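Lettering of chains follows the sequences in order, A, B, ..., and the numbering in each one begins at 1. Predicted, not measured: the structure shown is a model, and the values here were computed from it.
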Amino acid sequence: MSYHFNEIEAKWQKYWAENQTFKAENISDKPKFYVLDMFPYPSGAGLHVGHPLGYIASDIYARYKRHKGFNVMHPQGYDSFGLPAEQYAIQTGQHPAVTTEANIKTYRKQLDQIGFSFDWSREVRTSDPNYYKWTQWIFIQLFNSWYNKTSDKAEDIKSLIAVFEKEGNATINAAADDDIQSFTASEWKNFSEIKQQEILLQYRLTFLSETEVNWCPALGTVLANDEIVNGVSERGGHTVVRKKMKQWSMRITAYAQRLLDGLQKIDWPQPLKDSQTYWIGRSEGAMVSFDVIASEIAPSQTHKISVFTTRPDTIFGVSFMTLAPEHELVSKITTDAQKAAVEAYIKATAKRSELERMADVKTISGVFTGAYALHPFSGKKAPIWIGDYVLAGYGTGAVMAVPCGDERDYAFAKHFDLDIPNIFESVDISQEAHTDKEGTKIANSDFLNGLPYKKAMKTIIYEIEKRGLGYGKINYRLRDAVFSRQRYWGEPFPVYYKNGLPQMIDKQYLPIVLPEVEKYLPTEDGKPPLGNATTWAWNTNTNKVVSNDLVTLSGVEGSQKDNGIYPLELNTMPGWAGSSQYFNRYMDPQNNDDIFSKEAVNYWQDVDLYIGGSEHATGHLLYSRFWQKFMFDKGLVPQDEYAKKLINQGMITGISLFITKYSLCDKPETIPYEGNGKIVLANSDYDHNDSIDLAIVQVNDKSYGLICEYVYHVPVNLAMGNRIYIENLKLLLDTDRRFENIEIEQVLWDGEDKNGKYVSLRSEVEKMSKSKYNVVNPDQICIDYGADSLRMFEMFLGPLEQSKPWKTSGISGVHSFLKKMWKLYHSDTDGAFYVSEEEATKEELKTLHKTIKKVEEDIANFSFNTSVSTFMIAVNELTALHCNKRAILEPLAIIIEPYAPHIAEELWEKLGHSDSVSTADFPVFEAKYLVESSKVYPVSFNGKMRFTIELSLDLSKEEIEKAVMAHEKTQEQLQGRTPKKVIVVPGKIVNIVG
RNA sequence: GCUCGAGUGGCGGAAUUGGUAGACGCGCUGGAUUCAAAAUCCAGUUUCUUCGGAAGUGUGGGUUCGAUUCCCACCUCGAGUACCA
């Protein structure tokens, strides 16, 4: 019987499902181990071979940990809210829920086919009301909390109210909005209910505010910064404009420092930590205010410019100030003489799009306001300029310019011929600014003279604070996260509005289920898609969602009788809402009373291994850490970091194939044009190195003109290696709708082989995508080679964390390895399973134990690729030894199970076991079988002689010495001399002192 | 520009703290088996060579008895980021 992988795999997949082999219990005597994958968004295109890479790696790890005696939880689910299903709904009218359900079915089928050990009883879907009930619940918890900077944690809003009632807000040290008025306890008590609620909203961890957002008119939605790529929307590539809107925000900035500190204790890839650190962007410095010298236009008014600086120690080097063109003071301080120039400049910068401002980094521009600031220490006059290198959104939108110590200030000063005072001891600044902090002392700076950076910083901040000019401050780049989306297919907010103020709906009435709508687009008057819903109001008497018709104006105006029915929030939550706590919900996914039970979360604690892509570095992986810390503050979870270890798997790229233009046709003129649109298939030119393979040329009467360029991808499944046979190419050109109107007169071929005439193709590594015709589907691989081959091959491709191109041709290697292993225990003639009960020889045991050791090390290091090689070597050696012994096969089946579980189960069963191999203990290697030999490499003899030896684990120092001395090469080197001393360094080097 | 990562045969990639570079696989070449093909098996496959050897891990230096590995400078590629005061 040969290796019928299709039958074997189907059989065991069925067995696992029926026996719930991988179901993890929440109560166990075993130690827990939680292996998590980033759950997929179920897209319409289905899985391609790149998707399972991380899942295979985590599955190997999960299966390995089961062998090592852990109670392993390895769940999977779907991040099923998202824009593609909504856009599909807009195009076709099909409800996103229907699209999503269909896509999930496809995904599940594909995932099952690969033989993952997921515990499907724990599946979650973010779009399932039973799941998003808890997303809504967390939102309410955030709303009902404020951040106490003194205790450095989130607290219930009630504790804030208690303080307000007792002592007003003067003593409160909270993460809150910037523009909060101060009030006393009695003032608080006299505020109206509405006023009080408005104030509280400024402190809540999720709050409503007018924020400048990235509005995408084409999508009718607001996008987060990380959803915009190069100034256009990540999906669709539509233009994005800045616009002010009332939005829900999350006060993630309250956690900036803790998000930074938390990175210290988690084992995540350094590049990922770096990018989060940069994203949070902590900078230490000081706030300093400069008085504007009363100018002739407003001599009675006094103005102050506050600046944030990371280099207060260089304050004596200030020779001018720069304000962002949008800075509110600009209009107030500009002199009449400069008014025209300033206004023209502001107008010009406002016109420049974000894109232009980004692309054009080198141009220096700015304009003098005519006003001067008074240097708080030297008393000198510093001209105030405006320049677009200063951003309104960062710091205070103003900088104190220190040209000798900052590159941009330096360039600005040079360009406008401004003063560049040098405040560094023996440093030449005639060519460039001196930006190094350490190693230089300050000069020309009064009381700072002669001080190094650190001391100067301390001294100046002390002076600034003493003189009331400002204070030391830590600034973060991180901004609060906008949490509203103008979309249909997302979590609805558990919020209704009364008197224009948001009200939370009580937990017992959750979930607030997404309403049905006729149209998925924003309404004609610009409301989000939920504005189309007719049943979308909250009845506070019945606590039910009711028709909007019943909403009276009373709720807003208070002029009519209040009927208790109020409008519900029309926005929905963003994509990252659902993914910010899913890893905890897996612990207890069916719980209807709580997000998860105390018992479950106390048992599972946190994720031991999280595998996913690095593209989520500053999105999901930051937001989820924020929510976790909040949950921790509320005492809901025992850990404030949810994933101890994280691995970023690399991307599997596809190899795209292109037709080179020369092979497709000889001259453009030889191809006739037919049909609508006057298009003909032709070459753009005859340069072989040109990246344009094919051009579509418009015919004007008889003249040919190039109208657009077109790179013509050949579907990878039609090609044979880097060739496409002419029959296939003709078939392709005939059926491809891109060539509907094109008649191909002739196709030239590059050569001919046993399969016929062919055209050579050029290849390039690109991201796998439908539009590039380079997608390789795992289903077909499973049918042709089996899931075990797919699993092993994906690991064999290269290091897990590296991105690498897919090459289907290589799969035959791992496939024939599995066949070889099968053959080892099956008769050539009748195919019967045959295992010998004889004792294994020392040689066979050596192979086995070597393999066990190596595989275990590889798994610990996540180098699954080398494990596959190790298995191959083992089977080759066993084949050479004709070994078909139980003593070898039994442990072999266990150690190969994480990689190739189906064949392992089959062999295990044939060995007479009635249980799943996945529950077997991982075998222990024995050092005594690892003895290679004592290889000795003598190097030289000049007083000291060193040897490199390959140590065997069971050799003692004395034995090594003996082996070294007895070695012929040692004797050769010694040439009869007698060494005084032989020093053996365990592990590596032997020194022989002459 | 900055930050991080990486450069090893025709290709993907091995080489644990410095110790026989090129494991393993693909591809290629030759052979066996076969009416033939597939499949399978065996041998070879870094380069040059006067067949003794010699050179060789992006380039140039350095440390060392010994460097793919450590240090310095440079080159190339990839990823991230975008004027952060």
Side-chain angles (χ1 to χ4, degrees), chain A residues 2 230 269-275 277-279 281-283 285-286 288 307-312 314 321-322 324 354 357-364 387-391 393-402 405-409 411-412 475-478 614-615 617-618 648 650-651 721 765 792-793 796-799 801-817 819-820 823 828 854 857-858 860-861 863 865-876 879 935-950 973 987-991:
Chain A
S2 59
N230 295 329
Q270 197 54 41
L272 196 148
K273 285 192 189 181
D274 289 346
S275 75
T277 304
Y278 180 74
W279 194 262
R282 175 193 161 109
S283 49
V288 189
V307 298
F308 173 74
T309 173
T310 54
R311 296 295 305 273
T314 62
M321 312 284 296
T322 316
E354 285 281 316
R357 274 176 79 165
M358 274 200 291
D360 184 22
V361 184
K362 308 235 150 45
T363 315
I364 297 160
D388 67 359
Y389 80 95
V390 178
L391 301 180
Y394 184 77
T396 61
V399 301
M400 56 172 229
V402 184
D406 182 278
E407 276 169 39
R408 279 154 304 145
D409 295 345
F412 196 85
N475 221 35
Y476 298 94
R477 205 178 76 107
L478 186 72
S614 59
E615 67 272 20
T618 53
N648 289 131
M651 194 173 31
V765 172
M792 292 208 109
F793 184 55
F796 185 66
L797 271 176
E801 303 191 61
Q802 205 169 294
S803 83
K804 51 231 162 220
W806 178 269
K807 268 177 87 177
T808 304
S809 61
I811 202 167
S812 65
V814 290
H815 186 64
S816 62
F817 151 74
K819 278 199 282 193
K820 259 191 216 170
K823 260 177 76 176
D828 277 346
K854 183 72 167 64
E857 279 169 3
D858 286 342
N861 298 322
S863 45
N865 52 329
T866 51
S867 279
V868 180
S869 298
T870 307
F871 287 128
M872 288 176 175
I873 293 166
V875 166
N876 283 340
T879 304
K935 291 184 189 167
V936 183
Y937 313 111
V939 180
S940 73
F941 187 86
N942 49 356
K944 212 175 195 183
M945 189 173 196
R946 289 181 174 86
F947 292 86
T948 295
I949 67 151
E950 197 169 301
Q973 291 283 325
K988 223 62 180 179
I989 291 172
V990 180
N991 289 327

Nearest listed nucleotide, side chain of [X], among [options]:
X	options	answer
A/S816	B/C24, B/U40, B/A82	B/U40
A/D274	B/A85, B/G13, B/C4	B/C4
A/R408	B/C84, B/A85, B/U40	B/C84
A/P799	B/A85, B/G25, B/A14	B/A14
A/S809	B/C26, B/U3, B/A14	B/C26
A/K820	B/G13, B/A85, B/C41	B/C41
A/Y389	B/C83, B/C26, B/G13	B/C83
A/K807	B/G13, B/C11, B/A23	B/C11
A/I873	B/C4, B/C24, B/U81	B/C24
A/S275	B/C11, B/G80, B/C24	B/G80

Roughly how far apart, to the nearest Å, are [N] and [M] at atom [atom1]?
N	M	atom1	result
B/U16	B/C51	C1'	37 Å
B/G13	B/A21	C1'	13 Å
B/G22	B/U57	C1'	9 Å
B/G53	B/A38	C1'	44 Å
B/A6	B/U69	C1'	14 Å
B/A79	B/A73	C1'	24 Å
B/C65	B/G58	P	24 Å
B/C11	B/U46	C1'	14 Å

For B/G31, does the glycosidic angle fall within 90° of 0 (syn) or outside that (anti)?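 The base of B/G31 is oriented anti (glycosidic angle more than 90° from 0).
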Which label fits B/G9, syn or anti, where anti is any glycosidic angle not within 90° of 0? syn
Please figure out whether A/Y476 or A/G813 has its closest RNA chain B nucleotide nearer the 5' end.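 Result of the comparison: A/G813.
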Tell me which of A/S283 and A/F793 sits closer to the 5' end of RNA chain B, going by the nucleotide each one is nearest to. A/F793
Starting at [atom1] of [X] and ending at [atom2] of [N], how long is that distance when rounded to a whole Å?
X	N	atom1	atom2	result
A/M872	B/G25	CE	P	6 Å
A/R477	B/A82	CZ	C1'	9 Å
A/E857	B/U17	CD	P	11 Å
A/D858	B/G13	CG	P	17 Å
A/N861	B/A15	CG	C1'	14 Å
A/D409	B/C84	CG	C1'	12 Å
A/R311	B/A85	CZ	P	11 Å
A/F817	B/C41	CZ	P	13 Å

Between [N] and [X], is there an OP1 or OP2 to side-chain N/O distance shorter than 4.0 Å?
X	N	result
A/N865	B/A14	yes
A/N648	B/A79	no
A/K819	B/U40	yes
A/Q802	B/G13	yes

What contact category does A/S614 fall into here, base, sugar-phosphate, or nothing, at under 4.0 angstrom with non-hydrogen atoms?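 Since no nucleic acid heavy atom lies under 4.0 Å of A/S614, the category is nothing.
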With sugar-phosphate meaning primed atoms plus P, OP1 and OP2, does A/N475 contact a base, only sugar-phosphate, or nothing at under 4.0 Å between heavy atoms? nothing
For [N], what is the paired nucleotide under Watson-Crick or G-U wobble rules, both distances under 3.5 Å?
N	value
B/U40	B/A32
B/A73	B/U59
B/G27	B/U45

Kindly determine whether A/F817 and A/F793 satisfy side chain to side chain contact (heavy atoms under 4.5 Å, CB included), including the steps that lead there. CA-CA 11 Å; A/F817 151 74; A/F793 184 55; over 6 Å; no
Going from [atom1] on [X] to [atom2] on [Y], what distance comes out if it is rounded to the nearest 0.5 angstrom?
X	Y	atom1	atom2	value
A/I364	A/Y389	CD1	OH	9.5 Å
A/T870	A/E857	OG1	CD	9.5 Å
A/K820	A/T879	NZ	OG1	6.0 Å

State whether a side-chain donor-acceptor pair under 3.5 Å links A/D858 with A/S867. yes
Look only at the side chain of [X] and the backbone of [Y], and say whether a donor-acceptor pair between them is shorter than 3.5 Å.
X	Y	value
A/K807	A/P805	no
A/D409	A/V402	yes
A/S863	A/N865	no

